[in-house]
Amino acid sequence: MKFADYERRIVAYIIDVAFGNLVSLISLTIIGLSIPGFKLSWAIDVFVPVACLVVFLELLISYKFFNGISIGGAICNVKIVNKDGERISSKASFVRAALLCLPILAVYNIFYMLLLKTQVSFYDESTDTRAINRVEIDEGYDPRVDNNDK
């Protein structure tokens, strides 16, 4: 079980948050266009809570039903598993998704990992989970080199 790199984890998280923000923006736009008298200031007031809720639901569903692989995780080759390498539990899925949807904890987690120089994040410690490579990566493989030369 090889831990996922810092960079992959951070990019996967950014993709998940961007997806949540995009879904929130589209949802609030549709609601705003379909409800007469809806004001832009209402959408601005509820955007962050709605975005946090969407990120929470996306992560919870992906951890529970897609074997620990979120949208960002699928793109960046990151999978969340229990400490023993097995599928993430329902309780850990809920707690991890709840912690990840809070932006202030995301900033804390980045500093936590970088300052402690650890592959185990604040979220991992809080939920007894680990972020691993979804598919093993052959780091010696270079697609630009023809390996069939004899």
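None of these values were measured; they are calculated from a predicted model.
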Heavy-atom distance under 4.5 Å between the side chains of N82 and I88, does that happen here? yes
With a 4.5 Å cut-off on side-chain heavy atoms, are F47 and N21 touching? yes
So, does D16 use its side chain to make a donor-acceptor pair with the main chain of G72 at under 3.5 Å? yes
N109 (side chain) donor-acceptor with F122 (main chain) under 3.5 angstrom: yes
Under a single-linkage rule joining Ile, Leu, Val, Met, Phe, Trp and Tyr whose side-chain heavy atoms are separated by less than 4.5 Å, which residues share a cluster with F111? V107, L115
Donor-acceptor contact present, side-chain Y123 to main-chain A106, <3.5 Å: yes
For R87 and K64, indicate whether the former's side chain and the latter's backbone hold a donor-acceptor pair under 3.5 Å. yes
Heavy atoms of other groups near F94 CZ, more than 12 under 6.0 Å: no
To the nearest 0.5 Å, tell me how far Y108 OH sits from S121 OG. 10.5 Å
Are side-chain heavy atoms of S24 and C52 found at a separation under 4.5 Å? no
Measure the spacing between CD1 of I69 and OG of S62 and express it to the nearest 0.5 Å. 9.0 Å
Is there side-chain contact between L59 and R96, with at least one heavy-atom pair below 4.5 Å? no
Quick one: does any side-chain atom of R134 pair with a main-chain N or O of A74 as donor and acceptor, under 3.5 Å? yes
With a 4.0 Å cut-off, would you call K83 and D124 a salt bridge? no
Any L100 side-chain heavy atom under 4.5 Å of V55 side chain: no
Are V50 and S27 packed together at the side-chain level, in the sense that at least one heavy-atom pair is separated by less than 4.5 angstrom? no
